[in-house]
Amino acid sequence: MKKELSKLYDPSSVEDKIYKYWMDGKFFHADPDPKKEPYCIVIPPPNITGQLHMGHALDETLQDILIRWKRMRGYCTLWLPGTDHAAIATEAKIVEAMRKEGITKEELGREGFMERAWEWKKQYGGRIVEQLKKLGSSCDWDRERFTMDEGCSKAVKEVFIKYYEKGLIYRGERIINWCPKCKTSLSDAEVTYEDQAGHFWHLRYKIKDSDGYLELATTRPETLLGDTAVAVNPNDERYKDLVGKTVILPIVHREIPVVADDYVDPEFGTGVVKITPAHDPNDFEVGLRHKLPVINVMNDDATIVDDYPKYAGMDRYDARKAIVEDLEAEGALVKTEDYSHNVGTCYRCGTTVEPKVSTQWFVKMEPLAKPAIDAVKNGETKFVPERFDKIYFHWLENIRDWCISRQIWWGHQIPAFYCDDCGEMTVTKETSCTCPKCGKPMRQDPDTLDTWFSSALWPFSTLGWPDKTEDLEYFYPTNTLVTGYDIIFFWVIRMMFSGLENMGKVPFDTVLIHGLVRDAQGRKMSKSLGNGIDPLEVIANYGADALRFMLATGNAPGNDMRYIDEKVKASRNFANKLWNASRFIMMNLPEGFSADKLPENLSVEDKWIVSKFNTLAKEVNENLEKFELGVAVAKLYDFIWDVYCDWYIELTKPRIQAGGESAENAQTVLVYVMKGMLKLLHPFMPFITEEIWQALVDDGTAIMVQDFPMYDESLSFTEDEAVFEKIIAGIRGIRNCRGEMNVPPSVKAKLYVETQEPLVFEQGTMFFERLASASEVIITNHFDGKDCQTVVTDSARFFIPLSEIVDTDKERARLEKDKAKVQKDIDFLSGKLNNQGFISKAPEKLIEAEREKLRKAEEKMAKIEKSLSALK
RNA sequence: GGGAGCUUAGCUCAGCUGGGAGAGCGUCUGCCUUACAAGCAGAAUGUCACAGGUUCGAGCCCUGUAGUUCCCACCA
C-alpha cells in the first residue's frame with residue numbers, strides 16, 4: 001500500500017487517465033431501472049460552431065455536481081448530452097469560410113451547401129464535446145444527440161404538423177425583424193436593442209392646395225420613399241383641420257393623406273409622424289387601421305429598390321445621406337438635431353435589423369403561453385432563485401406570435417409544399433409530394449425553422465419522442481435544468497410550452513439559473529474585447545478540479561461572478577492540500593491496513609472529528625438539496641482544511657508516533673473521515689478524489705459510484721465535541737500568548753493547568769505538548785502562577801513559566817486587555833438578560849444559552865482577576 | 001417608461017427561516033514543527049451605502065433616498 005506520491009498534485013497526469021477509466025467502466029451510462037428513482041438533466045446543447053468558454057464551464061460544472069451527487073445518492077442518473085445546430089450562427093460561419101475560398105452559397109446550390117455544412121458539423125461538432133470531457137462532465141455519451149439528427153428532426157416535423165393542424169402554426173404576411181447581413185427574418189427574442197447616437201431630422205411637407213407646410217421629425221429619412229401617410233393625434237387641436245387633407249411627400253412628390261391615430265403622441269416632437277408601413281412596426285399597425293398601401297423600398301440586403309432610380313442599389317445609410325442632401329436642396333429640411341435612440345440589432349451579427357413586411361410562418365403564442373404561465377404559478381416548475389419567475393411571467397404575458405421561418409438553408413426545412421400551378425399548399429411528413437388538387441409535383445418551402453424550434457423540444461425529443469420509448473417513460477419529466485439567465489426567453493420558455501403542449505407535462509421541475517462569468521474588472525467576456533479566458537488553458541495550468549471548485553465557490557445562484565486567477569490558484573492549493581493530507585495518511589499506514597469500521601473505544605478527539613464530520617455530511621446534503629452549491633463547497637473547504645488537516649491530523653501525530661492501540665485507532669479514524677470527505681467532495685472535484693480514493697482504498701472500486709455520506713444519528717457526539725473544544729481553547733490561548741510574546745515553538749516550557757475539570761485536561765496532555773510547546777503538563781486544582789504567563793479560558797487557567805521572558809508590566813497589560821474583552825461580554829450579556837422584553841419574548845432556549853454564556857464569562861473574569869492580583 | 005440585482009474588511013465575494021459580522025487574496029509578526037512554504041502558528045482591519053420604520057433584538061423584514069449593473073418596452 002505504501003506509495004511514493006509527489007509532494008505536488010499534478011492534475012495533468014491524472015485527469016485524462018481517470019476520465020478514460022470512467023468511460024471504460026461505463027459509469028456515466030444510465031439505463032432505466034425501475035428499482036431506482038430517476039434523476040435526469042438534459043444539457044443545454046452547445047453550438048456546434050462553439051468553443052468551450054467560461055459560461056459553458058460554469059454551466060457544466062453545476063450540472064455535473066448535481067448529477068454526481070444524485071448518482072452517489074442512489075438515483076438512476078442520466079445526464080443527456082448533445083449539441084445544437086445553431087442555424088444562423090453556423091450558416092454564417094460556413095458562408096464566411098466559403099467567402100474566403102471565393103465561393104458563394106448560390107454557386108454551390110442548396111444541396112452542395114448542405115453537404116458542406118454537414119461536413120463542417122462532422123469536423124467541429126466533436127470539438128466542443130471533447131472539451132466538455134476535459135471538465136470531467138459525467139454525461140452519458142452513449143446517448144449524445146444533435147438537434148438535426150434523425151430523431152430530433154422527426155420530432156420537429158411531428159410538432160410542426162401537429163401545431164399546423166391545430167391552427168397553432170400559420171403562414172402570413174406580417175412585419176418582421178429582418179437582418180440584412182444574415183438575410184433572414186428573426187424572432188423578437190433574437191433582436192437586441194441598443195442605444196445609438198443618431199439624428200432627428202425635422203422635415204416639412206407641403207400641404208396640397210395651400211401655402212402651408214406640415215413639420216415632422218424623423219430618425220430615418222430614407223424610409224420616406226415608402227411613406228404612405230402622415231399621422232397626427234385625433235385630439236390635437238393644432239392639426240384638427242388638416243386630418244383628411246393631403247400633403248406632398250418631398251423628393252418623391254407623391255400625394256399622401258393626413259390621418260388621425262391615437263398612436264401619435266402630441267407631446268413628442270411636432271406631434272406629426274410620417275407613416276412608412278413597410279419599414280416600421282408601428283407604422284404597419286397604423287397602416288392596417290387606415291388601409292394604407294404598403295410600399296417596400298428596400299431589398300434583402302437593405303439597399304434601395306430599383307423603383308427609385310436615383311437611389312437604387314444604395315445602402316440604406318448611403319441613401320439616408322443622399323436623401324438628406326436632396327431634402328435640403330429642395331428646402332424640405334428644417335433642421336437637424338443630435339438624437340440618441342434605441343435600435344434593434346441582430347443578436348448573432350450585430351447588424352441593425354430592418355423591419356420588413358414579408359410572408360413568414362408563425363406560432364400562435366397565446367394558447368401556448370397560458371399553460372406555461374400556470375405551470376410556474378402553481379409550482380410544477382420552480383425557478384432558483386425564485387425572482388427569475390418574474391422575467392418568465394413578464395415575457396410570456398406580453399408575448400407576440402413567434403416568427404419561426406428563416407431564410408437560410410442550415411436547419412429543418414419547413415415541411416410545407418406548394419403547387420406552383422394551382423397555388424395549393426400541403427403540410428406533410430413526406431419529403432416530396434404531388435398536389436392533392438391538380439396532381440402536379442409540389443415544391444417544398446425553401447425556408448428553415450428557427451433553431452430554437454428544435455431546442456424547444458430537447459427535453460423529450462432526446463428521450464425518443466414521438467416514439468413511446470422506455471427512456472421517455474422513465475426520465476420525463478426531467479428534473480433540473482441548469483442555464484444562464486440570458487437564455488430564459490430563448491429556450492426555457494419555449495421548452496416549457498412545448499413540453500406542456502406535446503407531453504402534457506412540464507419538462508423539468510426546477511430551473512437553476514446562474515449568472516455570467518465576467519472578467520477580473522467585471523466586464524462581460526467577449527471576442528471583441530479579447531478579454532475571454534479559455535477554460536482549457538486554465539485546466540492545463542491548474543487542473544479541471546481547481547477550475548470547477550473555483551466556479552462553484554462563493555457564487556450564489558443567479559448572480560454574476562468574476563474570473564480572478566487568484567481564486568483558481570486558491571482552489572488549486574486546496575486540491576494540493578487534500579493531496580498532501582492523503583499522502584500523510586498513506587505514508588503512515590501499515591501494510592494491509594483496513595479501516596472498514598470505526599473502533600469501539602473512540603477517544604474524545606476521535607469522537608470530536610467523527611461528530612463534526614457527521615454534521616458536515618448533513619449540511620452538505622441539505623445545501624445541495626436547496627441548490628446552495630456555493631455554501632456546500634465552502635463548508636467542505638473549511639472542514640477539510642481547518643478541522644481535518646490543521647487540527648485532526650496534527651492531533652494524530654503524537655498518537656501515531658507513540659504507537660499501540662491509540663495509533664491504530666487514529667489511523668482508522670483518519671482513513672474513515674478521509675474517505676467520507678473524498679466522497680462529499682467528489683461531485684465538486686471528481687478527478688483528485690477518484691485518484692486518491694483508488695490509491696487509498698485500492699480495492700478496485702470507483703469513488704464515483706460510492707454511497708454519498710449521510711447524517712447518522714449514532715455518530716453524533718455533541719458532549720464529547722464540547723469537551724474537546726475546551727482543550728482546543730487552551731491550545732489556542734497558549735499559542736496566542738506565545739505568538740504575541742514572539743516565543744518560537746522550539747522554546748519549550750512547562751505548562752501548569754489549574755482546573756476543576758482535571759479529567760478533561762488529562763485527555764489533552766499530549767496535545768499540549770505537541771501543539772502548544774509544553775515540555776511537561778502538570779494538572780492541578782490550584783497554582784499560584786508566580787513569574788508565569790497566564791492564559792485564561794472559561795474552564796481553566798494555564799501557566800507558562802517563562803521567567804526570562806516575562807515582563808510583569810507587559811503581562812499585566814495583556815491580562816487587562818483580556819479583562820476588558822470579557823467585561824464587554826458581561827456587559828452585553830447582562831444587558832440583554834436584564835431587558836424585560838428579551839426575557840418575556842425571546843425563545844426559552846436562547847435565553848438559557850445567553851445565561852450560560854454569561855456564567856462562563858463571569859467565571860473567566862474571576863480567573864483573570866485572580867491572576868491580576870497575583871501579579872502584584 | 002417599467003422591472004430586477006448589487007452596495008458587507010484594502011481587493012473579490014459568502015452570510016440559510018432576524019439572535020453578539022465571515023472566507024479567500026493582500027498586509028503585519030513568528031516558524032523550513034519528519035503531509036503540504038501552493039505550507040504552519042498568530043495579529044490587525046468593518047457606523048454591513050444612507051434615512052426612517054417594524055421588533056425584546058435588523059446585514060437579513062418594510063418604506064424611501066443615492067450610487068451602480070442588467071433586463072424588458074414601438075415614442076416617430
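Just so it is clear: chains get the letters A, B, ... in the order the sequence lines come, proteins before strands, and each one is counted from 1. As the structure is a computational prediction, the values presented were derived from the model and not from experiment.
- Side-chain nitrogen and oxygen atoms of Trp641(A) include at least one within less than 4.0 Å of the OP1 or OP2 phosphate oxygen of C40(B).
- Across all strands shown, Phe489(A) has heavy atoms under 4.0 Å from sugar-phosphate atoms exclusively, and none from any base.
- What you find for Leu327(A) and Pro221(A) is that their closest heavy atoms are CD1-CB, 4.4 Å.
- Taking only side-chain nitrogens and oxygens, Tyr339(A) comes nearer than 4.0 Å to OP1 or OP2 of A76(B).
- OP1 or OP2 of U12(B) has at least one side-chain nitrogen or oxygen of Arg562(A) nearer than 4.0 Å.
- Here A38(B) sits opposite no nucleotide as a Watson-Crick or G-U wobble pair (both hydrogen-bonding atom distances under 3.5 Å).
- Nearest to the side chain of Ile564(A), among C75(B), U12(B), A35(B), sits U12(B).
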Verdict with reasoning, Phe798(A) to Phe768(A), per ring pair (Phe, Tyr, Trp, His ring centres under 6.0 Å): CA-CA 11 Å; Phe798(A) 301 86; Phe768(A) 285 113; 5.5 Å; yes
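- When the side-chain nitrogen and oxygen atoms of Lys653(A) are compared with OP1 and OP2 of A35(B), one or more of them lie within a distance under 4.0 Å.
- The separation between Phe200(A) atom CZ and C75(B) atom C1' is 9 Å, rounded to whole Å.
- Rounded to a whole angstrom, the distance from the P atom of G15(B) to that of A49(B) is 15 Å.
- Asp565(A) and Tyr563(A) share a side-chain donor-acceptor pair at under 3.5 Å.
- Counting to the nearest Å, the P atom of G42(B) and the CG atom of Asp646(A) are 9 Å from each other.
- Of the candidates A35(B), U33(B), A76(B), the closest approach to any side-chain atom of Asp265(A) belongs to A76(B).
- Partner of Val230(A) under the side chain to side chain contact (heavy atoms under 4.5 Å, CB included) criterion, chosen from Ile275(A), Val273(A), Leu216(A): Leu216(A).
- The partner of A43(B) is U27(B), judged by Watson-Crick or G-U wobble contacts that both fall below 3.5 Å.
- Residue Arg387(A) places no side-chain atom within donor-acceptor reach of the base of A4(B), judged by atom type and a 3.5 Å distance cut-off alone.
- Contacts of Lys853(A) with the nucleic acid, taken as non-hydrogen atoms under 4.0 Å apart, include base atoms.
- Of the nucleotides present, none pairs with A9(B) by Watson-Crick or G-U wobble criteria with both distances under 3.5 Å.
- Counting any heavy atom pair closer than 4.0 Å across all strands shown, Gln657(A) reaches a base atom.
- Of the residues near RNA chain B, Gly269(A) and Glu740(A), the one whose nearest nucleotide (by heavy atom distance) lies more toward the 5' end is Glu740(A).
- Annotation: the span from Ile656(A) atom CD1 to Leu670(A) atom CG amounts to 5.5 Å, rounded to 0.5 Å.
- The CD atom of Glu215(A) sits 14 Å away from the C1' atom of A76(B) (whole-angstrom rounding).
- Taking only distance into account, the side chain of Lys577(A) meets the base of C36(B) through a donor-acceptor pair shorter than 3.5 Å.
- With hydrogens and angles left out, the side-chain atoms of Lys635(A) and Asn623(A) include a donor and acceptor closer than 3.5 Å.
- More than 12 heavy atoms of other residues, nucleotides or ligands lie within 6.0 Å of CD in Glu337(A), so this atom counts as buried by the packing criterion.
- The pairing partner recorded for G1(B) is C72(B), the criterion being a Watson-Crick or G-U wobble arrangement whose two distances lie under 3.5 angstrom.
- At least one cation-pi condition fails for Lys577(A) and Tyr644(A): the charged atom is not both under 6.0 angstrom from the six-membered ring centre and inside a 45 degree cone around its axis.
- Taking atom C1' on both nucleotides, G53(B) is separated from A14(B) by 28 Å, rounded to a whole Å.
- In the set A35(B), C31(B), U55(B), A35(B) carries the atom at the smallest distance from any side-chain atom of Arg583(A).
- At the heavy-atom level, Leu8(A) lies under 4.0 Å from base atoms of the strands shown.
- Base pairing of G59(B): no nucleotide in any strand meets the Watson-Crick or G-U wobble criterion (both distances under 3.5 Å).
- Taking atom CD of residue Glu850(A) and atom C1' of nucleotide G20(B), one finds them 7 Å apart after rounding to whole Å.
- Not one side-chain nitrogen or oxygen of Lys390(A) sits closer than 4.0 Å to the OP1 or OP2 atom of C71(B).
- Considering only the side chain of Asn559(A), G5(B) comes nearest among A35(B), G5(B), U34(B).
- C36(B) sits 24 Å from U27(B) when the P atoms are compared, rounded to a whole Å.
- A distance of about 16 Å separates the P atoms of C50(B) and C11(B), rounded to the whole Å.
- Remark: the Glu650(A) side chain and the A41(B) base include no donor-acceptor N/O pair separated by less than 3.5 Å.
- Between the P atom of A35(B) and the CG atom of Leu670(A) lies a distance of 12 Å, rounded to the nearest Å.
- For A43(B), the OP1/OP2 oxygens have a side-chain nitrogen or oxygen of Asn736(A) closer than 4.0 Å.
- Following rounding to the nearest Å, Leu651(A) (CG) and C40(B) (P) show an atom-to-atom distance of 15 Å.
- Distances from the side chain of Phe584(A) to the nucleotides U33(B), A76(B), A35(B) place A35(B) closest.
- Relative to the side chain of Arg518(A), the nucleotides U29(B), C16(B), C70(B) differ in distance, and C70(B) lies closest.
- The interatomic distance linking Phe574(A) (CZ) with C25(B) (C1') rounds to 17 Å, in whole Å.
- Here Leu771(A) lies out of heavy-atom contact (under 4.0 Å) with every strand.
- Phe767(A) places its CZ atom 21 Å from the P atom of U33(B), with the value rounded to the nearest Å.
- If you check distances only, the side chain of Asp825(A) does reach the base of G20(B) with a donor-acceptor pair under 3.5 Å.
- Side-chain polar atoms of Arg738(A) and Gln789(A) form no donor-acceptor pair below 3.5 angstrom.
- In this structure A21(B) sits in no base pair that meets the Watson-Crick or G-U test at under 3.5 Å.
- Comparing the C1' positions of G24(B) and U8(B) gives a spacing of 15 Å, expressed to the nearest Å.
- Among the nucleotides C70(B), U34(B), G20(B), the one closest to any side-chain atom of Leu829(A) is G20(B).
- Nucleotide A49(B) forms a Watson-Crick or G-U wobble pair with U65(B), both donor-acceptor distances falling under 3.5 Å.
- Here U33(B) sits opposite no nucleotide as a Watson-Crick or G-U wobble pair (both hydrogen-bonding atom distances under 3.5 Å).
- By the 5.5 Å and 30° criteria, Trp579(A) is not stacked with the base of A35(B).
- When each of C72(B), G20(B), C31(B) is scored by its nearest atom to the side-chain atoms of Trp395(A), the top-ranked nucleotide is C72(B).
- Taking the side chain of Lys832(A) as heavy atoms from C-beta on, and the options A73(B), G20(B), C56(B), the nearest nucleotide is G20(B).
- Taking for each of Asn555(A) and Ile826(A) the nucleotide of RNA chain B with the nearest heavy atom, the 5'-most of the two is the partner of Asn555(A).
- At least one donor-acceptor pair under 3.5 Å links the side chain of Asp401(A) to the backbone N or O of Met365(A).
- Of the candidate nucleotides A35(B), G19(B), G20(B), A35(B) has the atom lying nearest to any side-chain atom of Met587(A).
- Counting non-hydrogen atoms under 4.0 angstrom, Lys841(A) reaches a base of the nucleic acid.
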